[in-house]
Amino acid sequence: MNYQVFSSYDTLSAHAAQFILDYVRQKPTATICVASGETPLLTFQKIVANAKPEDFEQATFVALDEWVGIAPDNAGSCRSYIDSPLITPLGIPAERVSFFDSLADDLEAECQRVNDFIASKGGLDIIMVGIGMNGHLGLNEPGTPFDTYAHVSELEEVTASVGQKYFQSETPLTHGITVGLKHLLEAKVAIVLANGEKKKGIIQRVLEESVSEKLPASALKLHSNSYLWVDSAANPA
């Protein structure tokens, strides 16, 4: 795991954006899994601002996760935090982007659909995610087996509580549907971004603790080409 500290959220985001742009310029057919939330928003904006029209003409995107039971047009949905700032501005057509349908009658079948979509692309080239206060990646909560593909997860209280910030009114959040840790481990490149002082504690745990399913982000240490990029505020040193 390569650990790197950047002077600010802006420089962290610029580096992540340039990494994605450089990758797709080398491999135009890349399949990229991206997270929602606040951390990657500036990265998305910088990708859009610096992309050439041809950069993403063949690329495919996979959305990392979604709150179960939340409609895609809900402003707090994970989809809205990826679609509006990234997918729509880049003009990615529907056939080259995969979002979870968390309203599906059969969520297990929905997980398999996403698994099949990723497999049809030869796996993920890049997975770029944030990190939760409890060390989750996506909605892979503590205790999630590292050999799990897409699945439905029961949310810990801290995840449900923090998730309220994305909604205009209190919204029950009990389960998530997410790309699995095995997808992360099989991706050619795995990137975790963290910013802000509130992430300092969990970053310290990832750096100091041994690999354990109790700390999902520790899976990064098992990946041969993984990066943990943080801004100076999130750096525990």
Side-chain donor or acceptor of [X] paired with backbone N/O of [Y] under 3.5 Å:
X	Y	value
K198	M133	no
K199	I131	yes
T39	A194	no
E110	D101	yes
S77	P72	yes
S226	L220	yes
T88	S84	no
D231	S7	no
S161	V158	no
R96	A59	yes

Using side-chain heavy atoms (C-beta onward) and a distance below 4.5 Å, is [X] in contact with [Y]?
X	Y	result
C78	W67	yes
V179	V62	yes
Y149	H183	yes
C111	I177	yes
D116	I118	no
V68	F100	no
P216	L181	yes
N50	L21	yes

Atom pair [atom1] ([X]) and [atom2] ([Y]), whose distance is rounded to the nearest 0.5 Å:
X	Y	atom1	atom2	answer
D65	L139	CG	CG	4.0 Å
S153	H175	OG	NE2	7.5 Å
H223	N2	NE2	CG	12.5 Å
I202	L215	CD1	CG	5.0 Å
L228	I203	CG	CD1	4.5 Å
D83	L86	CG	CG	9.0 Å

N134: which of E156, E157, K214 passes side-chain hydrogen bond (donor to acceptor under 3.5 Å, both in side chains):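 For N134, the side-chain hydrogen bond (donor to acceptor under 3.5 Å, both in side chains) check succeeds only for E156.
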Same apolar cluster: [X] and [Y], side chain cutoff 4.5 Å:
X	Y	answer
L193	V24	yes
Y23	V34	yes
Y227	L124	no
V129	V230	yes
I127	F117	yes

Quick check on the 6.0 Å ring-centre criterion: do F44 and Y81 meet it?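 No - the distance between ring centres of F44 and Y81 does not fall below the 6.0 Å cut-off.
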How about W229 and F19: are their ring centroids closer than 6.0 Å? yes
Quiz question: by atom type and distance under 3.5 Å, do the side chains of [X] and [Y] form a donor-acceptor pair?
X	Y	result
T159	E141	yes
Q26	D22	no
Y3	N235	yes

[X] atom [atom1]: more than 12 heavy-atom contacts under 6.0 Å:
X	atom1	value
K165	NZ	yes
Q4	CD	yes
D106	CG	yes
E54	CD	yes
E154	CD	no

Nearest heavy-atom neighbours spanning A35 and L64: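 Nearest pair, atom of A35 first, then L64: CB-CD2, 3.7 Å.
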Is any side-chain N of the basic residue among D10 and K46 closer than 4.0 Å to the acidic one's carboxylate O? yes
Using side-chain contact (heavy atoms from CB on, under 4.5 Å), reason through F167 and L173 one step at a time and then give a plain yes or no. CA-CA 11 Å; F167 297 90; L173 301 173; 3.9 Å; yes
Could you give me the CA-CA distance, side-chain angles and deciding distance for K188 and D125, then say whether salt bridge (Lys or Arg N to Asp or Glu O under 4.0 Å) is met? CA-CA 5 Å; K188 294 180 177 64; D125 287 286; 3.7 Å; yes
Any chance you could lay out the side-chain contact (heavy atoms from CB on, under 4.5 Å) test for S102 and R79, step after step, and finish with the verdict? CA-CA 10 Å; S102 72; R79 176 169 183 159; over 6 Å; no
From CA spacing to verdict: side-chain contact (heavy atoms from CB on, under 4.5 Å), K182, F146: CA-CA 6 Å; K182 192 166 187 180; F146 288 168; over 6 Å; no
